[in-house]
Asks: 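Sharing a structure, written as structure tokens. Questions coming.
Whatever order the structure lists them in is the order used to number ligands and atoms, beginning at 1.
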Amino acid sequence: MLKELQIDGGWTLREYINNEAAGIAVPASVPGDLYSDLLRAGRTDDPYYRDNELAALKLSENDYIYETVFSAGDDIPGRDRAVLTFHGLDTLAEIYLNGTVIGHADNMHRTWTFDVKEYLKHDDNHLAVIFRSPVKYIRKRYEEKPLEGTEDAMRGFPYLRKAHCMFGWDWGPRLPGCGIFRPVCLTAYDTAKIGSVYVHQEHSEGRVTLRFDTEAEYAASEREAGSLRWIAEITDPDGMQIAAGSASEAFEIESPQLWYPAGYGAQPLYTVRITLHDGGSVLDTWERRIGLRTMSVSREKDEYGESFAHTVNGISIFAMGADYIPEDSLIARTGPDRTRRLLEDARAANHNCIRVWGGGYYPEDWFYDICDELGLIVWQDLMFACAAYDLTPEFEANIRAEAEDNIKRLRHHASLGLWCGNNEMEQFAAEGQWVNNSELKAYYTRMYEEIFPEIAERLDPQTFYWPASPSSGGGFDEPNDENRGDVHYWDVWHGNKPFTEYRKFRFRYLSEFGFQSFPPVSTIETFTEPEDRNIYSYVMEKHQRNASANGKIASYMSQTYLYPSDFETIVYASQLLQAQAIRYGVEHFRRHRGRCMGTVVWQLNDCWPVASWSSIDYCGRWKALHYYEKRFFAPVLLSCEEEGILTQDTNPNAEPYEVKKSVRFNVSNETLTEKTVTVIWQLADSSGRCRTEIKETVCVPPLSAVWLDRADLKEADLYEDHVSYRLEEDGKEISSGSVLFCQPKYYRFRNPELSWRLEGDEIVVTASAYAKDVEIRNENEDMILSDNYFDMEPGEKRVRILRGTPDGIRLRSNFDIR
Ligand code: BMA
């Protein structure tokens, strides 16, 4: 059996000047990162606090050396072969074992292995990793030959295969750092070990056939390969072994339990265990969980253009989710528990997919394990974003190895929905942005339309490959076409268009669209002093990385709400703006299910405390948007396409001033069962007095959206009346909301005199008048509730506490924005 030793203890870190270790050594953690180590040692301040980032960035100008001494024990040095594997080196590294260079690394996204048998001793093995400054490196490369990319990141970033956003982004700080961010293992073996396994699935009626492609790595030359045997064992989701035998045979699984994305079925996971045998002894084991499913993207020509939808087990689903960025600029702060909480929170808001955006790094195995368990389809970008790349032979070899490593590592996952070549580069290349000459453009085609699809086809033929996000299929053929492929739509926000603009489009699959907000005040307090708490202050704008975005928020706010007169209210109003913007889009696209098949919101999370497009902030707090997502991503959704001031170009000071007022309801059913539901809606005034109530029962087929007739509401008062609505199934409310016919700033809200009481784990909120966007907060703003930022008519509303304690509860609503 192969022997494995983790080299995770006794590491220290020092500066490395003029080819010598310098200064005092501080303890280092492996896995870990430079900034976390320096912070723990008191050698730097929290880089997220105020503008400490600037001082921290200077530390990335230095070179560092990480060192440890380990004992290999008795069992390792005598083996036929010994390799040292670095699962994550960030990034420019030289590795020494007992004074001899064993190799170099220059790509954070690769797994690096080095043969070390000849340098290894039993005890006192000195291992050193020298990291060269990534900042100096990209600066030098850029000076030699400029290569452009987004200005939000430091110049020259495309030259280094290191998470691009570590050099800054329009939501991220410039904290490149360095470090050994994944485990280091010493592996010793005789004869051979398992190199990789590919699981091939074939689905037919009531049966799945599994086949395995196995690859060995030999200790010496490929001698005796004939004596090796591969055995496969399959265990079903209940833990029963259902098959075992030679891995070169096909395995038939009768009555398979199929894996579905969340909301469409369960996520049963089978365990596949492959063992490599030499005569009577087991050399190595590979064990993974897989899901039995077919997973693709269907692209069918139709009357509008060409469809684009995730298709699982033959069912085309409406993707609902968000874009994922690295969870922390200080990688040492990440971990499986934190990722699990984030992904469970995504699931709790009814997400069924997640896009791993191409400007970060490939997540850990645990990320995908959790997605497998939760039923979140992963849209996996390769790590290329907003940049031109110089495809030299060395660069090509490097990115080929990187793609191979990651495809082999991740291809067995049930949740893996597709491989995508890059973020936004087909679109930018087509426009001549950054990719500004014919050579770079040819490199673009070579990378995403030749090299990567060829590797994906060879190593993972059962997973769909897509050249870029957005794309219409490649070849610079209108990559952001409304009627084909996926789209990034940014006219609301970057283009300053009103929320209502979303309604002008019927995108096939929206993989990015978003709107910024400020994080909750408790999160802002982690990086500010009281005097900083003004959105235009120096410190607040150090934590706002999208140029002029604070002005943008203020501008949208001026169109929507009364002038918020204090900081806390601005934060609240900014979150409502964000939530309303995205609701406006998603509800519209869900109403057009069939033609539209996906809404992936930019963005799920943050990597430090910052104003951004996220729905969950750096501290894990849910912004209003996340609660809104829970409602508008509900499997069965009642939404209202209202007509009022917002949907018309009317000048309220012109005469005659007439605004069309109407409502048209839609029920979207994203489940596999037919739903018979009752729509109940009422026209009411601001005190909550009902003027008309309508009830209608509708039958909604599975996977469809059904319209009710439009109701004209001429009699409604523009500023006094609103429509509130709910959907009931078997007498139980499953969806609800309300709409105004004017901007909230003009609506004549009454004081709803909100109050609350606690009953067990429930908070009961009472309102005396119509209240919009009722927010329940506790002192620490760390409570997660079954519902929040909801609208209510006079009376009571009950919400359950899912996390946190109800200490120091405060309530507010739209009425309080003034
Ligand atoms: C996109 C992303 C990111 C960016 C976001 C917000 O298009 O791909 O590059 O952070 O917009 O501007």
Asks: Would you check if there is a donor-acceptor pair between the side chains of Q544 and Q516 at a distance under 3.5 Å?
Replies: yes
Asks: What orientation do W602 and W357 show, parallel under 30°, tilted 30 to 60°, or perpendicular over 60°?
Replies: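 W602 vs W357 ring planes: perpendicular.
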Asks: Just by distance, no angles: are the side chains of T339 and E327 close enough, under 3.5 Å, to form a donor-acceptor pair?
Replies: yes
Asks: Walk me through whether R174 and E53 qualify under salt bridge (charged side-chain N to carboxylate O under 4.0 Å, His left out).
Replies: CA-CA 7 Å; R174 298 178 167 199; E53 174 200 354; 5.6 Å; no
Asks: Counting only heavy atoms, tell me which of H488, E424, R545 gets closest to atom 7 (O) of ligand 1.
Replies: E424
Asks: Answer whether the closest heavy-atom distance between the side chains of M320 and F632 falls below 4.5 Å.
Replies: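 Not touching, per the 4.5 Å side-chain cut-off.
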Asks: Short list, please: which atoms of ligand 1 are under 4.0 Å from a heavy atom of W613?
Replies: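 It comes down to these atoms of ligand 1: 6 (C), 12 (O).
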Asks: Over 60° means perpendicular and under 30° means parallel, so classify the ring planes of W493 and W613, tilted if in between.
Replies: perpendicular
Asks: Distance to 0.1 Å, residue and atom name: give those for the protein heavy atom nearest to atom 12 (O) of ligand 1.
Replies: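 I find the closest protein heavy atom is D170 OD2, 2.5 Å.
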Asks: For ligand 1, is W493 a contact, meaning one of its heavy atoms is under 4.0 Å away?
Replies: no
Asks: Would you say Q603 contacts ligand 1, with heavy atoms under 4.0 Å as the rule?
Replies: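 It does not, in that no heavy atom of Q603 comes within the 4.0 Å cut-off of ligand 1.
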Asks: For atom 9 (O) of ligand 1, which protein heavy atom lies nearest, and how many Å away is it?
Replies: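 Protein heavy atom at minimum distance: W169 NE1, 3.0 Å.
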Asks: For atom 1 (C) of ligand 1, find the nearest protein heavy atom and state the residue, atom name and distance (0.1 Å precision).
Replies: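 Checking every protein heavy atom, the shortest distance to atom 1 (C) of ligand 1 gives E512 OE1, 2.7 Å.
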Asks: Which atoms of ligand 1 sit under 4.0 Å from any heavy atom of W490?
Replies: 1 (C), 5 (C), 6 (C), 7 (O), 11 (O)
